[in-house]
Amino acid sequence: MSTYVTTPIYYVNALPHLGHAYTTIVTDTYSRFRKLCGDDVRFQTGTDEHGEKIVEAAVKEGVSPREYVDRISTAFQGTWPSLSVEPDYLIRTTDADHMQTVQDILQMVYDKGDIYFSEYSGLYCKGCERFLTEKELVDGKCPDHQVAPEEISEQNYFFRMSKYQDWLINHIKENPEFITPERYRNEVLSFLSEPLEDLCISRPTSRLTWGIPLPFDENFVTYVWFDALINYLTGLGYPNGELYAKYWQDAEHVIAKDILKPHAIYWPTMLRSMDVPAYKRLHVHGYWNVDETKMSKSIGNVVRPKDLVEAYGVDTLRYFVLREMSFGLDSSFSADSIIARQNSDLANDLGNLFSRSLTMIDKYAGQKVPQIEQSLEEEAEQELQQAIQDMLVAYEKHMNSFNFHKGLQSVWEVISLLNKYIVTNAPWDLAKDDSQQGRLNVVLYTLLEALRVLAIVLKPVMPSAADKMAAALSLENFDQATLTDCTWGGMTAGQALAAPEPLFPRLEKKKKEQKQQAQSKAKKKPATKAEQLDGVITFEQFGQVELRVATVIAAESIPKADKLLKLTVEAPEKRTIVAGIAEYYAPEDLPGRQVIIVANLKPAKLRGVVSEGMVLAAKQKLEDGTEQLTLATVAEKMAPGSRVA
RNA sequence: GGCGAUGUAGCUCAGAUGGUUAGAGCAUACGGCUCAUAUCCGUAGUGUCCGGGGUUCAAUUCCCUGCAUCGCCA
């Protein structure tokens, strides 16, 4: 089986935002999913670079249209890797082969008699790049741009779209999946219940030169849709390329609802006129509202994909948008909701399951896949295996019909079952009883197998997290994995496993700080004197803090405290200091090291140990969302107790 | 103005071709466990299923109507 899946080509009059990111993540996820199903997949995205608005934007920046589109197009293409999006082909409407193909098609359709010349007069709005009807005007102005349209009379070329209306209605009725979800199919059918007008496909060069010239009349260039839609064919080398022969029959387009009409009506009729079979499916999604309002430049709440990746990590972002939005409907985006998903679904449910399972393998099975006796499998294991089978069926069905949120829901049901399975089978109890060794191995093996399946099904959604899981499970050829590898029993007994590593960190809700930041950014008001002083301390105040160099003599972990180490330091007197660095330093690594301590901190009791001061350390967040910590020290060896100032 | 969709727990949403105690996740409260990332497991909830009318033995579900929100069209 083959799959050809596309995003729209993005209009380069502005930088990429969350909406672009969503469409592209969805398409990438579907592409990866079809690969997981064993398909030969081609995934295409690109940029739409012609039209009046591009020229205007270029003029505004004082550069040529060519320079301008090169710059924005690069920005789009540079965004995809950071979203773990891996297209097979990036197309640009300014590519020479695309422009040639568009001209060839125009000539062919013209020769066939489906393009004719006609005069048209009406009220033209530059902002909309189209003619408006009287009824659309509000107080004589365009409602979107607040500008009075110009009365323009001009001659143009038209595509005989109306000729194919009846065919299109039948095609949609006979192919229930042609436009999904159903609400958009109904919308299109309702629109088609009225007579269709022919489509204006040209602009005179007197008004616009930044476009593809009509091959049969040099005084005109192609108007946006005839140019843009054809990219889906050009990218396959239509009409002769091998790719075209191989993939076109399986074409699926992913779009946002604002470009439904061109894709559901113009495009199939164009294809029909060209004698090219219609695409297989059109998938239409809704909008992201940001903090309950529409994303808009004027409100200043445009969300940049890059910022989101920096703040939350690419896997979390991908999981969030796919899990949160019911495909087809609008959804809301907010920092709180993405943090909530990260913490409850990813860190607590999946991440913790992964971590606790691997830790038990480490503790109770010597960090190796245990050998099991099939006869010791009980009902609990049977049920779990059945639940995973059921999940796989649901997963495949939902992912294939773009119901990603349902697909992920079914995966998380299994994650929840696994957490219950651990509690009810209590491996830590089995481990205390030698006669239960066999059962213990069965339970641990079952967990490993389940994690292996989870890594596979999560691969399309969270490629990097899945890779991490696979690495920890020592799965071989994971990049080639398919759904058939989900068959139970894939782990080899005796295989050594890597040390567990946290998959997803927990995030703090930073509601207040973020709001304050947003406000100060939005207002950009100059800081008042009082605010400037806020957070600033005087030299005297700093002098009150007594910093000293200290040498670590001994370090030991503290029972029941995962993050704390008990340090004995020389400063120069012997002191006990409790430091929250256990996640980053092993006790044996510390003796001999010099650290910087706050010597006059009020002693505090932590986990029953009195801490006389604190050690300084720097912390940073890494790209993958985990944190790194390193102890502060001095550049040269100093006598213990030396003052730091 | 025409057509259509939606309205269910604090939040996001499932759901029943009409039938007994209307569900899930999150959030909240309490209890338990210790393998785990202050994680996990269990228990507890609250609902005029948008308002009104109708059909029916029985309506949150079907019909009509009103209101609200949203979409498409003009």
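Lettering of chains follows the sequences in order, A, B, ..., and the numbering in each one begins at 1. Values in this document were obtained by computation on a predicted structure and should not be read as measured data.
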**OP:** Output all residues satisfying salt bridge (charged side-chain N to carboxylate O under 4.0 Å, His left out) with A/E377, sequence neighbours left out; order by chain, then residue number.
**Re:** none
Original post:
Do A/K363 and A/M360 come within less than 4.5 Å of each other through their side chains, counting heavy atoms only?
Top reply: no
Original post:
Mind checking the C1' distance from B/C50 to B/U8? Whole angstroms is fine.
Top reply: 10 Å
Subject >> Qualifying salt bridge (Lys or Arg N to Asp or Glu O under 4.0 Å) pairs with a residue from residues 417-436 of chain A, counting only residues at least two apart or across chains >> reply: A/D429-A/K432
Subject >> Residue-level proximity of residues 443-466 of chain A to RNA chain B when a heavy atom falls under 4.0 Å >> reply: none
**OP:** For RNA chain B, find the residues of residues 178-193 of chain A with a heavy-atom distance under 4.0 Å and give them by number; none if there aren't any.
**Re:** A/E187, A/F191
Tabulate below the donor-acceptor pairs under 3.5 Å that side-chain atoms of residues 262-270 of chain A make, not counting sequence neighbours, or state none.
residue, atom, partner, partner atom, Å
A/H263, ND1, A/I259, O, 3.0
A/H263, NE2, A/Y232, OH, 2.7
A/W267, NE1, A/H253, NE2, 3.1
A/T269, OG1, A/I265, O, 2.9
A/T269, OG1, A/Y266, O, 2.7

Original post:
Can you name the nearest heavy-atom pair linking A/D315 to A/P463, along with the distance?
Top reply: OD1-N, 3.6 Å
Original post:
Is A/K261 near enough to B/C72 that one of its side-chain N or O atoms lies under 4.0 angstrom from OP1 or OP2?
Top reply: no
Subject >> Pairs touching residues 256-268 of chain A that satisfy salt bridge (Lys or Arg N to Asp or Glu O under 4.0 Å), sequence neighbours left out >> reply: A/K257-A/D330
**OP:** Using heavy atoms and a sub-4.0 Å distance, could you list which residues of residues 360-368 of chain A are near RNA chain B? By number, please.
**Re:** A/M360, A/K363, A/Y364
Original post:
Rounded to whole angstrom units, what separation is found between the CG atom of A/L353 and the P atom of B/C40?
Top reply: 11 Å
Original post:
Does a sphere of radius 6.0 Å around CD in A/Q495 hold more than 12 heavy atoms from other residues, nucleotides or ligands, not counting ones at 6.0 Å or beyond?
Top reply: yes
**OP:** Return the set of residues passing ring-ring contact (aromatic ring centres under 6.0 Å, His included) with A/F404 (not counting sequence neighbours), or none when no residue passes.
**Re:** A/F402
**OP:** Verify the neighbour count for atom CD of A/E197: are there more than 12 heavy atoms of other residues, nucleotides or ligands below 6.0 Å?
**Re:** no
Original post:
What are the residues of residues 419-439 of chain A, sorted by number, that bring a heavy atom to within less than 4.0 Å of RNA chain B?
Top reply: A/N419, A/K420, A/V423, A/W428
Original post:
Once you round it to whole Å, what is the distance between P of B/A5 and CG of A/L260?
Top reply: 17 Å
**OP:** Take the protein atom CD of A/E324 and the nucleotide atom P of B/C26, then report the distance between them rounded to whole Å.
**Re:** 13 Å
**OP:** Using the salt bridge (Lys or Arg N to Asp or Glu O under 4.0 Å) rule, collect all pairs that involve residues 343-358 of chain A, keeping only residues at least two apart or in two chains.
**Re:** A/R341-A/D345
**OP:** Would you list the pairs meeting salt bridge (Lys or Arg N to Asp or Glu O under 4.0 Å) in which at least one residue belongs to residues 437-449 of chain A, sequence neighbours left out?
**Re:** A/E378-A/R439, A/E381-A/R439, A/E449-A/R452
**OP:** Scan for ring-ring contact (aromatic ring centres under 6.0 Å, His included) pairs involving residues 413-468 of chain A, sequence neighbours excluded, and state none if there are none.
**Re:** none
Original post:
Is A/E396 close to A/L392 at the side-chain level, that is, under 4.5 Å between some pair of heavy atoms?
Top reply: no
Subject >> Sugar-phosphate, base or nothing in reach of A/K406, heavy atoms under 4.0 Å >> reply: nothing
Original post:
Given the side-chain rings of A/F354 and A/F504, with only the six-membered ring counted for Trp, is the space between their centroids under 6.0 Å?
Top reply: no
Subject >> Separation of atom CG in A/D345 from atom C1' in B/A27, rounded to whole Å >> reply: 13 Å
Original post:
Whole Å only: how far is the NZ atom of A/K257 from the P atom of B/C70?
Top reply: 11 Å
Subject >> Base paired to B/C49 (Watson-Crick or G-U; both N/O distances under 3.5 angstrom) >> reply: none
